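Notes for the one structure printed next.
Since this is a predicted model, take the numbers as computed values, not measurements. Residue numbers begin at 1 in each chain, while the letters A, B, ... track the order of the sequences.
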Amino acid sequence: MPELPEVQTVRQTLKNFILGKTIKDIEIYHQNIVVGDADEFTRRLKGQTIIDIDRVGKYLIFILSKDAFVSHLRMEGKYNIIEEPTPINKHEHVVFIFDDGTQLRYHDTRKFGRMELVDKDRYRDELPLAKLGPEPQEARVGDVYDKIHRSSLAIKTLLLDQHIMAGIGNIYANEICFEMGINPKMPGNKLSKKRVEQLIEVSKEILTEAIKQGGTTIHSFDANGVSGLFQTKLKVHTQKECPTCKGAITKEMVNGRGTYYCKKCQRR
DNA sequence: ACGTCCTCCTGTTCGC
DNA sequence: TGCGAACAGGAGGACG
């Protein structure tokens, strides 16, 4: 589900709700969500206060008084804020119970999401975050060009590779290719340095605009009832008609992911 | 080392 | 209408 703008939206919403709260207990209904020993996860975090929530790429990092854990929502993960007691939903797998009686519940229909304890002081330098590339905002043209230039993979596949740049997922990869006027299947090694520079600029612009809109709401995603608005600005993803030439949008699979583009306007 | 495919899951949509 | 196949904001591991 969520890409960088959606995760950023979730982060902000969660910060407003849980900063300063202390975890009284944790209930884990599906152990696989927690990487490593689920009992240790509970034991370690119990009694700790939420100090901050960070975000790196599509990862959220919950910073507590002593420890920290990362949370990746993958395709369908969400956090439900519970202020009034309600029955547990069958897709709520991890429940954080705070000392003020409120709860934070991790909801994930496909159970793809993961949580994992990390070192509070150096999580950026250890797995799973260590291998992530820079977000477009911090990316340096030379570094990105080096990686793209040496690959014959489709440019869209490279945009989805979190080791090159972090935060872009399927929706925004499609949108970025459209804005670039590039065919998503264009091999990376066909791009000039100038073109890669433009790619980074376009990525920044699209992610920034999406964050401003509160992310994209497709299917059921929302950040605790806060729906994003970027879906109204999508130009190709899940669209039928090209906003530029009014021709039909082509949909095909690239690297196993649904890829939408305009054959006429994206050929460079 | 690199590219491709499979896998983890469940719910919804698509096509015959 | 019914029913199985395909697909869905992701990423890590196996394999050739």
Q. Would you find a donor on one side and an acceptor on the other, under 3.5 Å apart, between the side chain of K78(A) and the backbone of E76(A)?
A. yes
Q.
I'd like the P distance from dA5(C) over to dC6(B), given in whole Å.
A. 16 Å
Q) Side chains of D161(A) and L153(A): closer than 4.5 Å at any heavy-atom pair? A) no
Q.
Checking contacts here: which listed nucleotide (dA8(C), dG11(B), dG3(B)) is nearest the side-chain heavy atoms of K90(A)?
A. dG11(B)
Q: Send over the distance from K147(A) NZ to dG3(B) P, rounded to a whole Å.
A: 13 Å
**Q.** From dA8(C), dA11(C), dG3(B), nucleotide with atom closest to K58(A) side chain
**A.** dA11(C)
(Q) Using whole Å, what does the distance between atom C1' of nucleotide dT4(B) and atom CG of D161(A) come to? (A) 14 Å
Q: Name the nucleic acid region contacted by Y59(A), choosing base, sugar-phosphate or nothing; use a 4.0 angstrom heavy-atom cut-off, strictly under.
A: sugar-phosphate
Q: Have a look at G258(A) and say if it touches a base, only the backbone sugar-phosphate, or nothing, with a 4.0 Å heavy-atom cut-off.
A: sugar-phosphate
**Q.** Rounded distance (Å) that lies between atom P of dA11(C) and atom CD of E76(A)
**A.** 14 Å
Q: Between L160(A) and K251(A), just flag the one whose closest nucleotide in DNA chain C comes earlier from the 5' side.
A: K251(A)
Q. For L153(A) and dG3(B), what is the distance between atoms CG and P respectively, to the nearest whole Å?
A. 4 Å
Q. Nearest of dG3(B), dG11(B), dA11(C) to any side-chain atom of T109(A)?
A. dG11(B)
Q: Measure from NE2 on H91(A) to C1' on dC9(B) and round the result to the nearest Å.
A: 10 Å
Q) When you compare dC5(B) with dA6(C), how far apart are their P atoms, in angstrom units rounded to a whole number? A) 15 Å
Q: Check every strand shown and say whether T157(A) touches a base, only sugar-phosphate, or nothing at a heavy-atom separation below 4.0 Å.
A: nothing
Q.
Under the criterion side-chain hydrogen bond (donor to acceptor under 3.5 Å, both in side chains), I'd like the reasoning laid out for T259(A) against K156(A): C-alpha separation, chi angles, the key distance, then a yes or no.
A. CA-CA 9 Å; T259(A) 301; K156(A) 191 199 161 201; 2.8 Å; yes
Q: Round to a whole Å and report the spacing from CG of N255(A) to C1' of dA11(C).
A: 11 Å
Q) Below 4.0 angstrom, N of the basic side chain to O of the carboxylate: do K58(A) and E3(A) qualify? A) no
Q. Of all the choices, dC7(C), dG3(B), dC9(B), which nucleotide is nearest to the side chain of N32(A) once you look at every atom?
A. dC9(B)
Q) In whole Å, what separates the P atom of dA11(C) from that of dG11(B)? A) 22 Å
Q. Touch check for D108(A), heavy atoms < 4.0 angstrom, all strands: base, sugar-phosphate only, or nothing?
A. nothing
Q: Calculate the interatomic distance between L129(A) atom CG and dA11(C) atom C1'; express it in whole Å.
A: 14 Å
Q. Whole-Å distance between dA6(C) P and R110(A) CZ?
A. 15 Å
Q. I148(A) and V254(A): same hydrophobic cluster, using ILVMFWY side-chain contacts below 4.5 Å?
A. no
Q | dG4(C) and dC9(B), which share atom name P, separated by this distance in whole Å | A | 22 Å
Q. With stacking defined as ring centroids separated by under 5.5 Å and planes differing by under 30°, is F112(A) stacked against dC8(B)?
A. yes
Q) Would you call D25(A)-K46(A) a salt bridge at under 4.0 Å N-O? A) yes
Q.
My understanding is that a pair needs two contacts under 3.5 Å, Watson-Crick or G-U wobble. By that rule, which nucleotide pairs with dC5(B)?
A. dG13(C)
